[in-house]
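Data first, discussion second: the structure below is written as structure tokens.
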Amino acid sequence: MSTVPLAHFLYFALALFSIGLFGVLARKNAISVLLGVEMMLNAVNINYLAFAKYWNWNSLTGPVFVIFIIAVGAAEVAVALAIVISVYRQFKSANVDEVHALKG
Amino acid sequence: MIEFSAFQTEIWLIATALLIIGVGLFLPGQKKAMDWLALLGVLGALLTLPCSGSRCGAVVCAMPPEAFHGFLRVDGLAVFFKGLILLGTFLALVASFRYLDSQAVRHRSEFLAILLFSAAGATSLAGSQELITLYVSLETLTISSFLLAAFLKKDKASNEAGLKYLLLGAFSSALLLFGFSYLYGLTGTTVIAEMGKSLLAQPSSAIEVLAVILVVAGLAFKISLAPFHMWTPDVYEGAPLPVTAYLSVVSKIAGFAALARIFWVGLTAPALLPVWTGLFAVLAALSMILGNLEALPQTNLKRLMGYSSIAQAGYLVTGLLAGGTLGIGALLFYLAAYLFANLGVFLVAAVVSSKTGGERIVDYAGLWKREPFLAAVLTAGLFSLAGLPPFAGFAGKWFLFSAAVAKGYTWLALLGVLFSAVSLYYYLQIVRQALLAEPKDPSPIEAGLLEKCVLGFCLMAIVLFGFWPTPIAQWAQSAASSLF
Amino acid sequence: MANNVFYILAGISLLSALMAMTLRNLFHCALFWVLAMFGVAGVFLYLDSEFLAAVQVIIYVGAVTVFIFFGIMFTRNVMDERISVMNGQFALALIAAVGFAWITHKAIQESSFRGFEHPLILTQEAAPDTGKTTTLATLVSGPDASSNMSVENLAGDLLLPDRGFAYAFEFVSILLLAALIGAIVVARKEPS
Amino acid sequence: MIQYSWLIPALPALAFVLIALLTKRSKGLSASISIGVMAVCLALSVCLFLHLLALDPAGRVFAMNWTWLSVPPWQANMGVLIDPLSVNMLLVVTLVSLLVQVYSLGYLQDDERLSTYYSYLSLFTASMLLLVVSTNFLQIFVGWELVGVSSYLLVGFWYFKPEAAEAAKKAFVVNRIGDVGFLMGVAAIGMTFNNFDFTQVEALVTQGVAHGTYTSGFVSILALLLFCGAVGKSAQFPLHVWLPDAMEGPTPVSALIHAATMVAAGVYMVARTFPLFSADLHAMTVVAYVGGFTALFAASIALTQDDIKRILAYSTLSQLGYMMLALGAGGYTAGMFHLTTHACFKALLFLGAGSVIHAVHSNDIWKMGALMKPMRVTGVTFLIAALAISGVPPLAGFWSKDEIFAAVRDSSVPGHQWLLAAAVFTAFLTAFYMFRLFFVVFLGEARSPQAAHESPKVMTVPLLILAVLSISAGWLNWPGWDAFSRFVYEGPAPHPESFDGVLALFSSLVALAGLTLSGLFYYWKVFSAQKAADRFHPLYLLLKNKYYVDEFYGWLVRKFTWGLASLFDWLDRQVIDGGLVDGLGRLTQDLGGLLRFTQTGSVQNYALVILAAVAVIYLCVSF
Amino acid sequence: MISILTVSLVPLALGLFLFHSEALGPNALPLLSTYMALPLVAALASFWAPARLARWATLFFASAQLGLALKIFCLYQTALGGYQFTEQFPGLEGLGLHYALGVDGLSAPLLILVSAVYWAGVLASWDSPARPKEYFAFFSLMTAGAAGAFLSLDLFFFFLFYELDILPMFLLIGIWGSGRKQYAATKFALYLVGGSALILVGFLALHFASGINSFDIRVLGDLAQTGFSPAFQNFWFPVLGVGFGVLLALIPFHTWSPDAYASAPTAASMMNAGVLKTLGGYGLLRVALPALPDGAKHWLPLFAVLAVLNMLYASLVALRQKDIKYVVAYSSVAHCGYLVLGICTLEATGFSGAALQMVSQGLLTAFAFGLVGLIENRTGTRQWEQLGGLSALAPVLGGLFMLNTMANVGLPGFSSFVAEFMVFLGAFRSGFEGGFAILKILFPIAVTAIVIGAVYYLRLMQNVFFGPVRRPTEGPFVDLRSREILPLVLLLVLSLAIGLYPKPWADMVNSSLVPLIDHLGGFK
């Protein structure tokens with residue numbers, strides 16, 4: 001049924017990854033940065049599934065990896081939010097570029 | 001039947017962590033109990049090692065226990081890494097008790113438990129033979145570290161450190177995963193050894209190289225290799241002192257465990273090998289240069305140690321890229337030397353900072369007069385880091401650079417020794433304060449018995465490895481041989 | 001037709017991802033982000049991973065967004081529209097992201113992935129005489145749907161010790177536990 | 001007998017050690033040890049002399065060697081060489097030493113550090129004797145340096161006098177300058193011939209020159225390098241400046257070291273290595289001209305000096321110049337003969353001067369006068385010595401100076417007639433300044449504030465002995481008998497100089513002329529010295545200021561050495577240490593300071609760096 | 001005094017005779033390891049002993065070590081040559097390391113130097129230091145480093161022991177020093193570590209380029225086994241040369257040394273200037289030359305230029321110093337020039353001269369620093385402009401300083417004369433008989449150093465000891481006590497022993513240097 005070439009999945013993932021990347025690099029708000037990171041992880045997931053499908057269906061390694069990435073990502077988000085909240089309390093801001101007391 | 005011996009170390013650690021949480025829940029006032037429980041847990045985990053690593057002593061291991069389809073195998077290398085990680089954790093724990101008291105940290109049980117979870121992640125990483133297992137272990141280590149770094153909630157610096165570490169950590173693990181995904185795409189497997197075989201059979205391609213570079217970036221971040229190092233000073237400075245100690249040693253050792261395994265088992269294809277060894281050589285050089293130079297103007301001890309640890313990563317990578325039992329053996333030996341030296345320094349710092357509250361270098365003025373023993377350990381540790389005899393760092397650097405020269409990286413070795421000389425300058429800044437300057441506040445600093453014992457142990461190890469490196473170096477070599 | 005579904009899904013995802021990363025209003029960003037995650041879940045479906053698509057929706061679109069909205073609520077002044085949402089290195093970031101995409105795109109183009117118009121399977125032909133099992137692979141045109149990709153199999157992979165991933169699966173629970181405890185401790189307001 | 005000859009240098013050395021370590025407390029014991037040892041040495045020397053005399057002239061050479069140092073293929077020995085030349089020198093040294101040591105007993109009787117003084121004297125004699133009996137170049141250099149240091153110690157004996165300390169240093173340093181050449185010569189000889197031994201080297205040189213292995217030019221370079229040492233030690237121009245200053249030492253020391261023995265070591269060394277010099281005329285010419293010039297130069301300075309010891313010092317320079325001239329002219333025996341006679345009368349002059357100084361407590365001749373009456377022995381012996389040095393027949397100086405004139409006359413050195421003229425004119429000057437000294441100090445009116453009195457016996461007896469020798473020593477070479485020449489002459493040197501009646505007459509007349517002129521100026525006061533000085537004021541100033549050589553050297557040292565030292569010191573502090581070393585440190589630190597700015601504190605910068613690094617690395621790897 | 005003599009002589013005798021006794025047998029204890037371990041034991045002992053006993057403990061072991069050094073010197077069979085008393089234990093075979101000690105004609109006299117300076121240093125710091133336990137422990141540790149380096153036959157241990165000196169020296173300067181001590185200590189440490197960086201890389205390069213899995217000096221020094229190409233040698237010789245040159249305070253790498261010596265406490269200056277510097281020359285002769293003969297032939301002329309520069313330049317700079325200790329420090333820099341020049345002749349006589357110069361300048365520099373320490377102790381100043389006429393107050397001090405002056409000036413009778421003379425001989429032979437042509441020019445320039453070298457010391461003598469009495473403080477002036485004289489006498493006697501009868505010493509060093517020359521193959 002499907003005749004989408006593998007490369008297109010990869011391009012899609014890549015684009016998503018890059019958009020996430022851009023978000024991580026350019027957004028001020030810590031939450032936005034986190035959204036960017038999660039987007040990158042999603043792109044990775046697409047890669048895994050695409051490879052899994054186009055490469056070797058017999059092994060479930062790809063999907064399994066995706067499950068783990070999602071799980072770890074969730075944990076990461078939980079921790080991240082906690083830290084952002086804590087930072088917000090101290091700095092009265094969730095803007096990443098305002099948190100730069102440590103430098104040099 | 002599951003071979004429990006393949007992961008009983010982790011079980012020990014996790015069980016201890018859970019127990020501590022339990023104590024924290026039900027007996028929140030029992031600080032001492034938690035402390036001792038944590039120490040005992042780590043010691044117990046350490047005791048599980050020789051019997052899980054090999055049944056015939058720690059040195060040679062004919063049939064390493066493995067479990068889960070071989071995804072987890074505790075070979076000699078894993079035992080060595082696990083041993084180092086546990087020792088590091090133990091020392092970081094000792095450093096944390098007094099510090100936690102002095103900072104009035106309320107969630108002591110959680111702190112200890114997370115530290116132990118993190119350590120479990122690290123030890124598990126050392127035994128992982130497969131990328132998913134490795135990834136999960138790595139994230140356990142890292143995510144717990146984020147929390148530990150941010151643990152002092154009322155401290156701005158700690159929060160900032162936590163945030164920075166978190167954002168960059170997540171970012172770099174995304175890069176790592178992206179790299180892994182292409183490797184998976186190329187090979188169809190996540191088992192490192194199979195991946196290696198598969199890559200061996202196919203021609204080199206651009207995407208393969210890119211994937212390797214992404215993996216390098218993701219893992220170099222963990223060991224704070226330049227130019228992926230930039231989080232290090234900020235996080236080291238901001239994180240609570242024992243956490244900095246923990247990060248500087250355990251996190252780094254785990255990173256090297258992952259690197260050694262992935263690169264020397266998975267990415268040995270002839271087309272790839274020169275790419276990443278060359279890359280590591282350049283990064284090592286960069287680390288030595290940046291780490292040492294930027295350390296020079298520092299005034300905060302933790303920040304300075306951050307830069308120092310970047311430079312040390314540079315030296316260590318020299319052994320990694322040289323490879324072979326010589327190179328990896330040197331890496332392992334130096335890690336051991338680094339562990340005792342660095343944690344000795346941090347332990348002293350923890351004791352001093354608990355008393356004075358200061359973390360600047362000038363706060364160590366006249367330490368010699370206030371507590372000679374602390375000053376002695378500090379000096380020995382710093383000189384060992386600088387690679388001067390009779391301390392372990394000297395032998396370690398000798399091994400590392402000789403491995404580098406053996407592989408033709410003479411320029412790197414030269415750079416390394418020259419920048420070791422530069423590094424001596426900033427280490428001496430601390431030593432000068434500690435030994436030569438007059439104390440502003442002459443009141444004595446007394447270390448506890450436990451701390452003293454542990455410091456003595458560190459000192460002994462530093463000196464002993466320096467004077468007679470043979471046994472441990474031999475062990476390191478035989479451990480390294482399980483990779484090749 | 002089926003192909004177009006993919007391209008539409010992909011298009012929606014990318015567009016909303018872009019919006020999520022560029023819009024000023026953080027709340028809108030989050031909404032677009034959820035949309036993008038839905039798109040990705042759709043692509044998962046398209047890649048025959050119904051289960052994962054469901055997980056994606058549940059975890060990301062459900063749990064994670066809840067978390068994030070929480071976060072947005074906590075950090076109040078993010079709704080202020082007068083301040084730029086982009087930081088100083090906005091232009092460089094753009095160049096870097098596009099550059100990275102370009103590089104990787106080139107690499108993919110040159111790679112062997114490019115040739116795969118159809119999903120393929122790699123059957124392992126054991127070569128008894130050499131004992132090699134996995135190195136030699138034959139590419140065969142694969143079946144359209146896979147019976148392997150079932151929840152049962154997945155669960156088996158994750159839970160049965162001899163399949164290997166059970167350890168990681170157990171371990172991730174430790175990770176989650178640690179994250180949970182830690183997040184609670186860190187996020188909790190400290191009495192002064 | 002010969003086998004005990006090693007005792008001659010060894011005994012004074014032992015005395016030095018004994019006095020320095022053990023008997024310092026007792027002045028009397030120290031002095032007795034030193035003097036006793038000297039007497040034994042003199043006796044031994046005399047025995048050796050008699051022993052040699054008894055032998056056939058061809059077989060009068062004995063050498064004993066002990067290996068001292070060796071690096072194959074060469075070895076260096078310490079040894080004792082007994083031959084007529086060295087025995088002659090031994091006699092001179094031990095005799096003068098003994099007399100001076102006895103004399104010192106009176107001269108320095110009140111000095112607390114008499115023991116130290118005697119230990120230094122013993123060290124000196126030991127070194128000098130080591131030098132004299134040396135069998136090889138290395139040993140002579142060792143002795144050479146050791147006499148130098150003894151001289152340093154003795155000149156600076158009264159170290160609390162800043163002038164003495166300065167003079168001691170100057171003597172040492174100037175000698176060292178000469179030693180540079182000497183050392184180079186010794187090294188060159190040793191390494192060229194793989195041998196240091198005098199006889200063997202001389203044989204090798206002779207053979208080598210004959211076979212064309214070594215050019216005579218090369219040999220003359222070696223000889224001239226050695227001669228540098230002699231120029232320093234024997235205070236020849238241009239390294240003469242130290243000797244007048246060395247008069248800051250105790251007067252007996254001046255008599256012993258700076259008149260009779262040590263300064264003659266240069267002459268002795270040239271005589272000892274004569275075959276090297278005589279192998280090439282160039283070397284001889286240089287030696288002759290340096291000697292001749294120094295003789296004239298120093299004599300002219302002596303005309304105007306006021307310090308009794310300085311006058312004698314310049315006289316010594318001049319006489320040493322004579323000896324060098326003689327050797328350069330080929331007059332081997334003449335040089336040695338003059339050395340011997342000069343040792344007697346110059347030691348006498350100095351001891352006499354010491355006696356005078358002891359009496360009037362001043363060195364300025366214009367504070368003395370009419371001392372003949374209170375100090376009869378001193379006066380008479382001084383007169384004898386003055387006559388002797390002026391070359392008035394039949395005293396010792398007459399004979400030896402005459403032989404020098406003869407040698408110069410017969411020399412093959414180019415321009416030898418000019419040298420002869422200079423030598424004769426110097427003889428005139430010598431007579432003039434010596435009697436200027438005599439007339440001013442011993443005759444005329446008394447100018448001394450206190451009453452002078454004769455010195456004690458212990459001082460006058462040595463004067464008498466030396467006076468006898470000053471009269472009679474010259475008779476050894478009585479024309480026709482030539483005992484001295486026949487004894488000393490052994491090698492392939494040119495013929496022994498023969499007495500020439502005409503020349504002798506002429507030189508006697510010249511000496512008498514000088515004496516008379518001096519009398520006219522300073523005794524009869526027919527001419528006024530003051531007027532003469534005013535008349536030739538520039539010349540007078542030039543002479544009075546010793547041709548400004550010291551000033552020139554001072555200027556040179558200040559400008560050159562001190563300037564260079566300052567430059568290097570500045571270079572070391574500011575450029576190498578401050579600039580390069582600290583600069584490198586500072587640069588490194590500044591670099592670190594600059595690099596710090598890369599650590600902006602913004603986490604997104606860090607992320608960007610990571611990504612950029614990945615891209616850059618990838619691009620680098622792919623292309 | 002009597003107790004000092006007892007505590008010195010008894011262990012001295014023990015060291016000398018114990019190993020000889022029949023009961024113990026000739027090899028009952030490893031001689032060299034014991035020698036090396038004694039200062040370590042001393043360090044531990046002084047650290048653990050009560051503070052007031054620290055110096056006694058150190059003195060005890062120092063004396064025993066001196067006895068042992070004398071014994072090794074006496075038992076060494078010059079006629080046989082080569083390494084004797086060798087000890088060897090397998091170490092890390094995989095890395096080519098093994099613990100190997102041995103002594104040959106070159107190192108046997110140096111052992112005496114080490115022990116003599118050690119012993120003298122202990123007595124020289126008898127009652128000065130605060131915190132005596134640490135002080136003596138560090139001092140012993142330094143000695144152990146030097147002793148180990150001279151004995152090691154394995155480059156790893158050679159390097160280890162050499163670098164072992166840096167930390168204690170740093171602390172000795174930094175804690176017990178004077179003046180700009182922190183600056184000097186840091187500079188010292190950085191400089192030496194920088195120099196040793198080159199040495200380390202050089203060693204590793206030798207090891208791996210040889211293809212032999214060994215760090216053994218004997219193996220790496222055998223070109224037949226290693227087969228280093230001339231290009232390799234030309235590249236690596238200057239690396240090692242400069243590395244050792246830093247240690248030797250070769251211009252322009254010398255500026256650490258005056259500052260360090262001037263700031264260090266007396267005993268540390270003695271040990272460092274006397275012994276540690278020597279190690280640089282030893283390393284050149286022991287490692288760099290045998291392993292890289294072609295490189296040496298290529299580069300030594302340049303080093304010869306530096307050496308002569310050292311002799312003249314440092315002497316001139318010494319002339320301008322106002323601090324006596326700086327004068328002595330620059331003098332020691334200047335004297336290293338002789339050592340290097342001797343090596344640069346690549347000729348047997350020059351080599352022997354260099355080897356003797358090592359011992360000689362070690363003894364004499366230590367002697368000089370000891371004296372300066374006493375002057376400072378008595379007068380409270382080191383500025384010679386504030387001093388004068390001390391001979392009148394302290395004849396013994398004056399006399400010893402006179403001997404020191406004479407010795408440093410290179411007067412016959414002292415070891416310096418023999419050594420310097422042989423260096424000149426070697427320079428001449430090398431320059432004029434087919435060696436390095438540049439020595440034709442350098443030889444005469446070098447010889448002029450005997451003048452300049454004399455001037456500054458004589459000037460010092462004249463200003464400090466001669467002339468009218470001048471000193472910054474009033475009060476009674478005590479001349480040297482016998483305890484203060486004792487260590488100086490030992491150094492002096494050794495110097496005189498070499499200077500008066502150099503043959504046995506020269507023969508001993510030749511027994512290992514002549515084979516070295518043969519190995520280097522001369523200039524053919």
[X] portion near chain E, given a 4.5 angstrom heavy-atom threshold:
X      : answer
D:L571 : both
D:E163 : neither
D:W66  : neither
D:V142 : both
D:S127 : neither
D:T116 : neither
D:R573 : side chain

E:R320 to D:F568, cation-pi by 6.0 Å centre distance and 45° axis angle: no
Among the listed options [options], the residue most often paired with chain D at heavy-atom distances under 4.5 Å:
options                        : result
E:F466, E:Y501, E:Y313         : E:Y313
E:L425, E:V455, E:V317         : E:L425
E:A454, E:A506, E:A392, E:G389 : E:A392
E:F443, E:F351, E:F432         : E:F443
E:V418, E:I251, E:L500, E:V469 : E:L500
E:Y330, E:F421, E:Y456, E:F424 : E:F421

Counting heavy-atom pairs closer than 4.5 Å to chain E, which one of [options] comes out on top?
options                        : result
D:L69, D:L153, D:T67           : D:L69
D:G156, D:G181, D:A188         : D:A188
D:L567, D:L564, D:L183, D:V173 : D:L183

Fit a plane to each ring of [X] and [Y], take the angle between them on a 0 to 90° scale, and name the class: parallel (under 30°), tilted (30 to 60°) or perpendicular (over 60°).
X      : Y      : answer
D:W144 : D:F182 : perpendicular
E:F417 : D:F141 : parallel
E:Y191 : E:W256 : tilted

Contacting region of E:D259 [heavy-atom separation from chain D under 4.5 Å]: side chain
Sub-6.0 Å ring centroid separation between D:Y152 and D:F157: no
Short side-chain donor-acceptor distance under 3.5 Å, D:N194 and D:Q75: no
Check: D:D582/E:Y183 side-chain N/O donor and acceptor closer than 3.5 Å: yes
Name of the residue among D:I140, D:T135, D:L138 meeting side-chain contact (heavy atoms from CB on, under 4.5 Å) with D:F196: D:L138
E:T345 side chain to E:A427 backbone, donor-acceptor under 3.5 Å: no
Backbone N/O of D:Q139 and side chain of D:N136: donor-acceptor pair under 3.5 Å: yes
E:T448 side, atom OG1; D:D179 side, atom CG - distance, nearest 0.5 Å: 13.0 Å
